[in-house]
Protein chains: 2
Amino acid sequence: MQAALNYANDHFDRFTEELEDLLRIPSVSTDSSYADDVKDAADWLAKNLSSVGVEHVEVVETDGHPIVFAEHHVSDDKPTVLVYGHYDVQPPDPIDLWDTPPFEPQRKNGTLYARGACDDKGQMFMHVKAAEAYLTQEGELPVNLKFLIEGEEETGSVHLAPFIEANQEKLAADVVLISDTAMFAPGVPSITYGLRGLAYTEVTLRGPSRDLHSGIYGGAVDNPANALSRIIADLHDDDHRIAIPGFYDNVRDLTDEERETYASLPFDEEQWKKEIGVDDLRVEKGYTAVEAISARPTLDVNGIWGGYTGEGAKTVLPAKAHAKISMRLVPNQRAEDIYDKLEAFLMERCPNTMTLEFKRLHGGKPVLVDTESDAMQSAKHAMGEVFGKEPFFVRNGGSIPVVADFKDILGLDSVLMGFGLDSDAIHSPNEHFGLERFQKGIESIIRFHDHFGSTR
Amino acid sequence: MQAALNYANDHFDRFTEELEDLLRIPSVSTDSSYADDVKDAADWLAKNLSSVGVEHVEVVETDGHPIVFAEHHVSDDKPTVLVYGHYDVQPPDPIDLWDTPPFEPQRKNGTLYARGACDDKGQMFMHVKAAEAYLTQEGELPVNLKFLIEGEEETGSVHLAPFIEANQEKLAADVVLISDTAMFAPGVPSITYGLRGLAYTEVTLRGPSRDLHSGIYGGAVDNPANALSRIIADLHDDDHRIAIPGFYDNVRDLTDEERETYASLPFDEEQWKKEIGVDDLRVEKGYTAVEAISARPTLDVNGIWGGYTGEGAKTVLPAKAHAKISMRLVPNQRAEDIYDKLEAFLMERCPNTMTLEFKRLHGGKPVLVDTESDAMQSAKHAMGEVFGKEPFFVRNGGSIPVVADFKDILGLDSVLMGFGLDSDAIHSPNEHFGLERFQKGIESIIRFHDHFGSTR
C-alpha cells in the first residue's frame with residue numbers, strides 16, 4: 001500500500017490536471033442541449049478508467065444518459081467494493097454570479113473552482129485515481145473493484161434503479177462505497193451511517209367552483225386558503241411534535257451511545273443560527289437541534305399557494321388552495337404508512353364545504369448502516385490515519401435515494417465516506433473543492449481498500 | 001311627468017341606438033393604449049348632454065382620464081340631485097370567449113351585448129336620457145341636476161376624491177343618485193342602503209435569510225409557511241367569528257326590522273350554493289347566510305404564497321411566506337382601528353424565530369344610509385310604481401369607495417338605485433344588459449325626480 005500512497009502523492013498534480021480536463025466538459029444532465037457533452041464526459045471517464053488498467057470498462061446506453069460501468073476482478077477470495085458516483089453536474093445558473101467561468105477550472109490558494117469540482121466529479125474521480133495508484137504501482141488491487149458511475153444523478157437517477165434491478169449479478173458486491181457527501185465540519189472527518197427518508201405530498205383544497213368576489217360572497221363561503229391554514233396548523237403540537245396519530249409508532253429511538261456522540265460533535269449552534277440568519281430555533285421537545293435535523297422525523301410545508309399573489313389588493317375569495325407538504329422519515333418509518341396516516345389526518349379535517357385532493361409525489365426510505373461492520377470500520381481506520389483523528393459516525397438529515405436502492409435491490413449497505421464541505425457551494429455559483437481534501441480523499445480510499453481487503 | 005314618461009317610451013329605440021354608439025368607443029381606462037378612446041367617450045358624452053339641453057357641460061382634465069361634469073339649475077327652491085356614474089369600462093379580455101365582438105354592440109332577444117352595456121355606460125346613460133325626456137318634453141326638470149361622470153372607476157378612481165375635495169361648492173347637492181349596482185334578483189327591485197368597508201393587508205413572515213434544504217435544516221428551523229398557517233388558523237374561532245380582540249366592538253347590530261326584511265328576501269340558498277359550486281356554507285354563528293354576506297364583518301385570506309409552487313417535489317424550507325388578508329367592515333367599524341387590532345394580534349403571535357411585516361394596503365369605510373330619508377323614499381316609490389311591487393331595501397357586501405367619499409367630503413348620502421343583475425357578466429366576457437331594465441331604469445329615474453322634486 002505504501003507504494004500506492006507514494007505514487008498518489010507523486011502524481012497528484014497530474015491527477016488534478018486530469019480532473020480539470022473532466023471539469024471542462026459541461027455535462028449538465030438537466031438541460032438537453034448539453035446531451036452531447038454528457039456523452040463526452042462518459043466516454044472521457046471510460047477512457048481514463050481503461051488507461052489506468054481497469055480490466056473491463058463499458059459505457060452502457062440507457063433511455064437517458066449513459067452509465068459508466070467498470071470492473072476489475074482480483075480474486076474470488078477478496079471482498080468486492082462497488083463504487084458509486086456520478087459524472088453529471090448541476091446547471092451553472094445564475095452564471096453571472098460566478099467569479100470565473102464554471103467550465104474553465106481555476107486553482108486559487110489550493111482550491112479548485114468549477115461546476116462539479118466537488119459534486120461529484122471531484123469526489124468520484126478520487127476513486128479512479130486510487131485504483132490507478134494500486135494498479136500502476138502494486139500491479140494489483142487488495143479488493144475486487146466495480147464502478148457504477150451514472151450521468152443522471154442531478155435529474156433524479158430515473159434510469160439507475162431499473163439498471164440495478166436488471167444487472168444484479170453484474171453488480172454483486174460486499175459493500176457500496178460512495179463519496180458524495182460532506183464532512184461534518186472543516187477538519188472534522190466523518191462517515192455517514194444514517195440518512196432520512198422522504199414522503200412528499202401535494203394537497204389541494206377545493207371550495208367554490210370559481211374564484212369569488214370577497215365582498216359579495218365573504219361571510220358565508222368557506223375560504224380554502226383559511227381552511228388549509230387551519231389544517232396545516234393542526235399538524236404540529238405545542239412541543240413541535242407532529243400531531244398525526246401513529247406518526248412516531250415505528251421511529252427507532254436514538255441509543256444512549258448515539259446521543260453521546262451527538263453531544264461530542266463540534267456543533268456550534270450560535271454560528272449555525274447566524275449562518276442561516278435566525279435568532280432562535282424550533283426543535284422537537286426533548287431533542288437537541290443537531291439530533292432533530294438528522295435523526296428525528298419532520299414535517300415541513302415546502303410550498304403554499306392560492307388566490308391572488310400579485311401586487312396590490314385584489315378582493316378574491318379563492319376557489320382553491322394548495323400546499324406541498326413533505327416529511328423526513330427516520331428508521332423504521334415507511335413512506336407508504338406515513339402517507340396513509342397523513343392522508344387520514346387531512347381527510348378527517350377537510351371541511352364539509354370542500355373537497356381535498358391528496359397526491360403522493362415522491363417517497364424514499366430512511367437508511368441506517370451498522371457502524372460495526374468490516375466496511376465501516378475500515379473506513380473509520382482509513383480516515384483516522386489520514387486526518388490524524390478519529391472520524392465521527394454521523395447521521396445526515398437529507399436523503400440519497402440510491403442508497404436505499406442498493407439496500408433494497410442488492411442487499412448492500414453503503415459506506416458514505418465524503419470529503420465535501422457544506423461551504424463548497426455545490427449547486428451554487430463558484431462551486432469549489434479544496435485540493436487538500438481531494439488528496440486526502442484519494443489517500444483515504446487507498447487505505448480503505450487495504451483495510452477492507454485484509455478482512456478476508 | 002307623464003309627458004316625459006311618454007317621450008321616453010316613444011324614443012326608446014333611439015336611446016338604445018345612442019347607447020350603442022357610446023358602447024362602440026372602447027374606453028378601457030386600465031390600458032394606456034386606449035387613452036384616446038377614453039377621451040373620445042368623455043367628449044361624446046359631453047356632446048350628448050349638451051344636445052339634450054343640459055345648460056352647462058364641461059370635460060375636466062385630470063392627471064388621469066377626464067371627468068365629465070354637467071349642471072342644470074332650475075330653482076334655488078328645488079332640491080339638487082348629483083348623479084354619479086362612470087363612462088370607462090373594464091378590458092374585454094379574455095377576448096376569445098366573447099360570442100360577438102365586445103365593442104360591436106349586438107341586440108339579441110331583448111338583450112344588449114357589449115363591454116360596458118351594464119357597467120356602467122348603460123346604467124349611467126339612463127340618467128342622461130331621463131333628463132332629456134324632461135328637458136325636451138316638459139321644458140324643465142323637477143329638480144336641480146348635476147352630473148359627475150368619471151373615466152377612472154375601473155382603475156380605482158384615483159383622481160376623483162381630489163376633484164370632489166377641490167370642488168365642494170360646485171358639487172353641492174342634497175343627495176347623490178347612482179345606478180351602478182345590481183337588483184337583489186331578477187324581477188326583485190331593490191335599493192342598496194348599506195355597503196361594507198374594507199381593510200386590506202399584506203403580511204410577510206420572514207424566517208431564515210435564504211431558502212434552506214429541508215433535509216439538512218428541517219427539524220430545527222421554524223418554517224414560515226407552517227407558522228403563517230398557525231397564525232391564520234387563530235384568526236377565527238369555532239363559531240366562525242373573528243378572534244381578534246375588540247374586532248366586534250363597534251359593530252352596529254342588525255335591528256329587528258332589518259332581520260325581518262332579510263327573512264322576507266327571496267334568497268334561495270340552495271340555488272345560491274349550487275351556482276357557486278359548494279355543498280355547504282360556513283356562516284358566523286347566530287346569523288343567516290344572507291345576513292353574513294352583507295351585514296356582518298368578515299376576514300378572508302385573498303392570497304397566500306411561499307416556497308416552491310412549481311411542478312413536482314422540491315425540498316425547500318422557505319425563507320418567507322406571505323398572505324393577503326382582508327376584512328370587510330360594517331358600520332361603525334373603522335379601518336384604522338381594525339388595522340391596529342389585527343396588527344397587534346399578528347405581532348403577538350409572531351414566533352421569536354421570525355419577523356413579521358404588516359402592510360396596510362387599502363382601506364374603505366362602511367356605509368349605511370337612512371332608508372326613511374326623502375330621497376330613499378322617493379326612490380322606493382319610483383321603483384315601486386315601475387316594477388309594480390315594492391322594492392326591498394338591501395345591504396350589499398361589497399364596497400363602493402366613492403359613496404364613502406361623498407359622505408366624508410360633501411356630507412351627502414347616496415341613493416343606490418341599481419338595475420343590473422349578478423348574471424349580467426360585468427367584468428367578464430359577453431357582458432350584457434336587458435333592454436327592459438334599461439327602459440325601466442329610465443322610467444324609475446324620471447319618477448324619482450318627480451317624487452324628490454315634490455318634497456320641497
Side-chain angles (χ1 to χ4, degrees), chain A residues 196 198 200 207-210 212-223 225-226 228-230 232-233 236 276-284 289 292-293 296 298 300-309 312-318 321 324 326 328 351-353 361-362 397-399, chain B residues 196 198 200 207-210 212-223 225-226 228-230 232-233 236 276-284 289 292-293 296 298 300-309 312-318 321 324 326 328 351-353 361-362 397-399:
Chain A
R196 292 197 285 196
L198 185 68
Y200 196 111
S209 52
R210 62 176 198 276
L212 300 175
H213 189 292
S214 72
I216 298 173
Y217 295 93
V221 178
D222 204 5
N223 183 319
N226 290 78
L228 185 59
S229 297
R230 287 195 297 273
I232 291 170
H236 285 96
I276 56 177
V278 300
D279 290 336
D280 229 315
L281 302 178
R282 187 176 179 93
V283 178
E284 181 188 352
I293 58 174
R296 295 296 299 171
T298 66
D300 272 296
V301 172
N302 305 105
I304 188 166
W305 71 104
Y308 179 68
T309 59
K314 188 173 173 189
T315 50
V316 64
L317 196 163
K324 293 184 191 271
S326 73
R328 295 282 168 178
N352 57 353
T353 53
L361 282 194
H362 184 64
S399 307
Chain B
R196 291 198 283 195
L198 185 67
Y200 196 110
S209 52
R210 63 176 196 278
L212 300 174
H213 188 291
S214 72
I216 299 173
Y217 294 94
V221 178
D222 205 5
N223 182 320
N226 289 78
L228 185 58
S229 297
R230 286 195 297 272
I232 291 170
H236 285 96
I276 56 176
V278 298
D279 290 335
D280 228 316
L281 302 177
R282 185 177 180 92
V283 179
E284 181 189 351
I293 58 173
R296 295 296 297 171
T298 66
D300 273 296
V301 172
N302 305 105
I304 189 165
W305 70 105
Y308 179 69
T309 59
K314 188 174 172 188
T315 51
V316 64
L317 196 162
K324 293 186 191 271
S326 74
R328 295 282 168 178
N352 58 352
T353 52
L361 282 193
H362 184 64
S399 307

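Each chain gets a letter, A, B and so on, in the order the sequences are listed, and its residues count up from 1.
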- Under 4.5 Å to a heavy atom of chain A? For B:A313 that would be both

- Interchain contact, B:R328 with chain A, by part (heavy-atom threshold 4.5 Å): side chain

- Best-contacting candidate, B:A220, B:G277, B:G307, against chain A by heavy atom pairs under 4.5 angstrom: B:A220

- Note on the structure: Ranked by heavy-atom pairs below 4.5 Å to chain A, first place among B:T298, B:I232, B:V316, B:V283 goes to B:V316

- Message: Nearest 0.5 angstrom please: B:K324 NZ to A:T309 OG1, how far?
- Response: 8.0 Å

- Rounded to the nearest 0.5 Å, what's the gap from CG on B:D279 to OG1 on A:T353? Could you check? 9.0 Å

- Task: Provide the closest heavy-atom pair for A:N223 versus B:D300 in the form atom of the first, atom of the second, distance.
- Result: ND2-OD1, 2.7 Å

- Item | Proximity breakdown for A:A289 and chain B, heavy-atom pairs closer than 4.5 Å | both

- Query: Any idea which of A:I276, A:V221, A:I216 has the most non-hydrogen atom pairs under 4.5 angstrom with chain B?
  - Reply: A:I276

- Region of A:L361 in contact with chain B, defined by heavy-atom distances below 4.5 Å: side chain

- Cut-off 4.5 Å, heavy atoms of chain A, and the answer for B:S399 is neither

- Task: Let me know if A:R196 has heavy atoms under 4.5 Å from chain B in its side chain, its backbone, both or neither.
- Result: side chain

- Query: Between B:S229 and A:I304, what is the shortest heavy-atom contact and its length?
  - Reply: OG-CD1, 3.9 Å

- Query: Tell me, side chain or backbone of B:Y200 under 4.5 Å from chain A's heavy atoms, or both, or neither?
  - Reply: side chain

- Side chain, backbone, both or neither of B:S209 within contact of chain A (heavy atoms, under 4.5 Å): both

- Query: What's the shortest heavy-atom distance between B:V301 and A:A225, and which atoms?
  - Reply: CG1-CB, 3.6 Å

- Message: Only pairs of heavy atoms separated by less than 4.5 Å count here; which of B:G397, B:G207, B:P351 has the most with chain A?
- Response: B:G397

- Best-contacting candidate, A:S214, A:P208, A:G215, A:P318, against chain B by heavy atom pairs under 4.5 angstrom: A:G215

- Query: Name the one of B:N352, B:D222, B:N226 that satisfies side-chain contact (heavy atoms from CB on, under 4.5 Å) with A:R282?
  - Reply: B:D222

- Message: So which residue, A:A321, A:A292, A:G306, ends up with the most heavy-atom pairs under 4.5 Å with chain B?
- Response: A:G306

- Message: Quick check: closest heavy atoms across A:I293 and B:G219, and the distance to 0.1 Å?
- Response: CG2-C, 4.4 Å

